[in-house]
Amino acid sequence: MKRDFVTSELKECLNRNSRPGTELGKDLDALFSTVRKSEKLLPVVGTQGMGKSTLINAMLGEDILPNAADETTCVPVEVAYGENEYAEVFFRNSVERIKVNTKAELNSFVDNNENPANEKGVEHIRLYRNRDILKSGLIIVDLPGVGSITAANEDTTKRYIENVRCAVFVIPTVPTIRRREALFIKAAWSQFNKAIFVQNDFGETTVEKRDSIEFNTMKLKQMSQESALKFEEPILLINAYQALAGSIQHKSSEVEASGLNKLTSKLSLLANEWDFTLASALRERVLSILTLAISEVKRKLKEANLSEEMSKAERKAKYEKNKEEIGKVVDTIDEIASWLAEQRITVKKKISEAVSKTTGKIRADITKVINGGIVDGRNLEEVFSRIQTREVEEFSLLANDILTDMAEEFRNKLCDLLEEIKLQEIKNYEDVDLHSEEKLKWEKGFQIAANIGGAAGGALGAGAVAAALMSNPAGWAVAVVGIGIYAVASLFGWGVKKRQQDKRKDEAKNVVYPKIDEIEHRLVDSISQKLNEFFKEAESQLNNLRDQKKKELRAMRHEMNNPIGNDEKPKLESDLQILTKAIESL
Amino acid sequence: MFDKQKQKLVALKPILNAVGSQDLWGLAKFLYERLQSPDSYVVFIGETSSGKSSIINGILKQPLLPTSAVPTTGAITEIAFDKNVKSVRYEVLYKTGAKTQIDSRKEFVNLACKPNKKMARLRVSLTDSGGQYVGLRLFDTPGYNSIVEEHEEVLKDFLPNADIVVYTVGYKIGIQDEDYLFLRYLRELIRPEVPVILVINRCPDKVGESDVKVKEIIRYASDILGYNPRINIIRQAKVVDETIPVIPDAADLWNQVNAQLNSEDRIESLDNAFDLYIDELFEKCDKELKMRLATSKMSHDAYQAILKEQQNTASQLLKAIPELIEPTFNRIYNRLPHLFDEVSEKVADRVSQKLITSSKFTKDETVNFVNNFFLPEELREYTRDVIQDYISVELTDLNSQVDDYINQELIKFNNKVAIQIETAVGKAGEAIFKKYAGKTATNALGRYFVQFGGQGGAGAGVANAASHLLKKAGDLVGKRFSRETHNALKHYLARFGATSMKAVGVAVAVIFELAFVIWDVNTWKNKAKKEVNKALVEWKKETQQQVFTDLMKLEEDNKQLIREIAQETLHSFDQEQTVDFEIASQNSALADEWRQQFK
């Protein structure tokens, strides 16, 4: 669909036939201008030591990323198609870009040993390679390991979270998915929405592999149910080393045997689909806009025909009926709004209780340990870190449940509301299938229409609210994990002094307890922030909806007193023509 | 108290008559009894050294329970109040459900300190001429170690039924490792609405809640419990006469306990519980009557056909046991030993690594670290990851399989019957049927009944009215993934974790303490490693057994669930067809009236 589709004639026609409070022509304009050529970013994620760098190297057929056993990548590395092969380094706090050509130069930015804690301030690195797999426009991204999709790197990873449709998750065969990993997967998965799971074959036995895939499949299925995510089987089993070796040595039989081709074909399908899906999403939005306008035109025509025959009294009765029905809709909206207000308090309370319990547990366990005589700096640090991580993980699972429950309930209420609106409008409008639940399923990564928000009429308005929902609240709990892990940082500087045991116990407690209070505050603050964002957005969308319905009612009243005359018909008919032609040209 | 409920129940009489089921009558009578004297359970927990038993004596204002410096309570002792008792009666209740009276106090004291294995508990009945303690039952429990050895099963059954838990800690010693484990355990086992009173015993005269030590105890206990308990401070009693055992002043505590028992919240939850039981009873009756009405005009043949379907469906449902439940559990049983081996190997490895990397001059610190933190923590993590999560995945999957299967069968049955009814009786009948079909009623009242020991069974049973309202796992009204099931399972597994903790606590602490003294700088690492391995073997044995026991119980529970559903299906329609439409109509109307009036 081209930009020139949006002619000024069409725009004016749309604006003329927008429901009160909306400007469809403007929306159409906005729609086209916000459709960016979004990049096809494909992150590859996985916890430490899963061999994801090896997998990516295998996909590229080149040993480009550092793949030592311990996690060395500390910045995201993107690989895109380019006939000339080079790399560019992007920095966080400047527009400067550095070009690098050799692996050694690259390592100086990428390798944790050479750029410890990313002190060089790299934001990301893009490599250009002349590879078939990349020709489709796919940009493969190697994201740093666990914790990357978390508060610590939130800024860096935001760009991936907002624009990514799908991610590849690398999971191990042995051991099967464990609790800590499950948490990470859940959190990341909820951000990306669509996931391809790859199990790295490190040479285990056939039986081990089979059992492992069976178990992991069961586990992922359950995780997907718990978080309302979609799990697409099967898990792909790939021997990345074999694939890489085969690629480098040009032995296609090896590559075939490794299973890599299953992944590459899936990815090329994805890439093809991508543009197609983007185009059809756009098309659908345009269709919605046009349909809205047409339904308005048709309604007005119907009015024009009827008003000749209807008496003033009949017109008034009709208006009163509409008023009543719209009143019901507004009542329902009010109910939902007050339910939301209640939830705001309830959820905050639940979360705050959960935080309290969590910090209580941390404190109890640490106390027990300190009472047992463990007061040495290093040991205590390890103890503190582990206890804290463990409990905060538990907490984030719980927080996730609380928020997901609320979001689900909200979504159900919205669906019911939309049904009601449908019933109400059907009396006045034809073609009101816009309010179907289908419209609520907005594909992640296509934020275009969501950016329009409530402006474009009832249908899209409610949809936009739901779209806000669809950015899964599970993602919020993710921030929590990050905070917990990083809260440990500066626990000790007090040194290990030789004193009486008991006094040291008290000293240890005096250092540790305030840290725990700090954790409590951070947990509450970060979740509160996200919660407030959500409620604010939800409230504002509901208000939009309510406003619209009120405006609609006012317009109906105006029409009751100033019925559409026959003289307006020709213009309406010609508008209908313009719109119908526009739809046909889609 | 509960007059409204009594009224409701009495009003059910004519309906129960109309239904004419012995079982339902039994349940009704049981419920009525409980309404007359609803039981309150106050459970006292704490280490033997904490002085629990003296506190109870303080509450009763008499030296009833044996106390002494040496750990005394080895048995669970119930104190009940009976207006038929003249002064005091001693009884032994056995695990089989039998009970015998004890003749002398001497024998009672003996058994209290050294119980025999067949005993479930001792019971002392005190006189209650004023009738003010009706339904009140106090339970004194043994200390932690004793429980671990003998009574854990009982406690696991007990605690979920408690209305109040009084946890006693001695001021001087404070919260020990056993208390930590106990409190964590408690956290998992008691119902969330049950209040805990933390008693700090033998406090010196000027010491109050602002005392540093007291504050620490309170803080620690609250953190472990995850909840702020009510506090009660009991003073060190003055020794008046060397020959008379000391009885502390516990009047304040008693007031607190009573206030809790009579609190609005508690009364409300009992109110709700009883309402729900009565409703459950009613619904069962109503369903029965409606089914009769719906089928009263059916031909004999058609009715027989329904009975046959009913039979088929029931047997189909039972198949879930051998086809779904047993295979899954068997699979788990087979896998578990490997998993336990894996855990113990991995942990042994990790500890080994830790020992290797520590300097040989840090013996005390390292041993302490491993003993107090590293070993239990690693065990906890691996247990959770390897064993707990595995079981969770298997059981959750089983759950949804069983849900699906049962739903399927019930829907098939319902459809077949609906057709029959519509053919014979018409749409009206079908509408009635549709309303009641497929609604598998809960069986909370039945469970309460059984746990209590049936009607008049205040014998061995300890069953709290409020504790049987848990919806059964696998809510069967067409829900797909039920968050409740998910949580029920999580709860079960959390308790499983509590067991493991305990086993670790016992196994590890003992071994390391003994070994401490004799090791020297050069050989301690190897010795430590050996001790750890020993501890792990011990852990494995203990825990594996416990887990198997728990799982087998869970399996039996699941099977029982299926049997109940099959039973219920089998009784959807009586063997004898009701053919008198008039009477069926009248009876059905009776039920409608009751519903109007009371719901």
Side-chain angles (χ1 to χ4, degrees), chain A residues 174-182 211 214-226 228 353-354 356-376 378-380 382-384 386-387 389-390 394 397-398 401 404-405 408 496 501 506 509 513 516, chain B residues 174-177 179-181 183-184 187 212 216 219-228 335 342 346 354 358 362 364-374 376-378 380-382 384-386 388-390 392-400 480-483 486-487 490 494 505 509:
Chain A
V174 170
T176 49
I177 297 176
R178 292 285 148 88
R179 175 78 61 99
R180 177 149 310 151
E181 224 196 332
D211 281 348
E214 214 175 278
F215 182 82
N216 281 339
T217 303
M218 238 199 301
K219 183 94 185 147
L220 288 172
K221 245 193 228 167
Q222 278 170 19
M223 283 166 58
S224 73
Q225 279 174 341
E226 286 165 17
E353 278 169 9
S356 220
K357 283 211 173 128
T358 299
T359 46
K361 282 193 214 172
I362 296 176
R363 199 167 32 229
D365 284 359
I366 271 265
T367 304
K368 177 170 189 292
V369 160
I370 293 178
N371 282 351
I374 299 177
V375 291
D376 168 74
R378 263 160 326 163
N379 282 337
L380 201 49
E382 178 179 340
V383 170
F384 185 54
R386 288 183 68 168
I387 291 180
T389 307
R390 179 226 303 157
E394 276 302 311
L397 283 173
L398 181 61
D401 278 352
T404 309
D405 278 345
E408 260 173 46
V496 178
Q501 269 281 35
D506 284 335
K509 288 181 190 174
Y513 286 177
I516 299 178
Chain B
I175 295 198
Q176 300 293 284
D177 283 346
D179 293 300
Y180 171 87
L181 292 168
L183 285 167
R184 277 215 43 199
R187 182 174 80 201
V212 168
E216 208 182 292
R219 180 56 167 288
Y220 199 9
S222 311
D223 283 343
I224 305 170
L225 276 174
Y227 152 94
N228 292 326
R335 194 108 172 84
E342 192 185 321
K346 289 252 166 70
K354 192 49 135 177
S358 13
T362 58
D364 286 355
E365 270 159 33
T366 307
V367 167
N368 199 15
F369 179 69
V370 168
N371 196 24
N372 250 308
F373 178 73
F374 195 75
E377 186 72 15
E378 291 288 323
R380 177 199 295 211
E381 231 180 79
Y382 275 102
R384 182 195 65 189
D385 278 353
V386 176
Q388 218 169 316
D389 274 1
Y390 165 72
S392 163
V393 168
E394 285 278 7
L395 291 184
T396 311
D397 194 52
L398 173 64
N399 215 46
S400 54
R480 289 260 114 198
F481 174 73
S482 158
R483 208 166 270 293
H486 179 55
N487 288 335
K490 257 162 88 170

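In what follows, chains carry the letters A, B, and so on, assigned in the order in which the sequence lines appear, proteins first and then strands, with residues in each chain numbered from 1.
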- In terms of heavy-atom proximity below 4.5 Å to chain A, should B:F374 be classed as side chain, backbone, both, or neither? side chain
- With a 4.5 angstrom heavy-atom cut-off, could you sort out which part of B:E381 is near chain A: side chain, backbone, both or neither? side chain
- Query: side chain to side chain contact (heavy atoms under 4.5 Å, CB included) with A:T359: which residues, sequence neighbours excluded?
  - Reply: A:I516, A:E520
- Sub-4.5 Å side-chain heavy-atom contact between A:K509 and B:E216: yes
- Message: For chain B, which candidate among A:I387, A:V383, A:T367 shows the most heavy-atom pairs at distances under 4.5 Å?
- Response: A:V383
- Query: If you tally heavy-atom pairs under 4.5 Å against chain A, which of B:I224, B:L183, B:D397 wins?
  - Reply: B:D397
- Message: Rounded to the nearest 0.5 Å, what separates atom CD1 in A:I366 from atom CZ in A:F384?
- Response: 6.0 Å
- Which residues share a side chain to side chain donor-acceptor pair (under 3.5 Å) with B:K346, sequence neighbours left out: B:E342
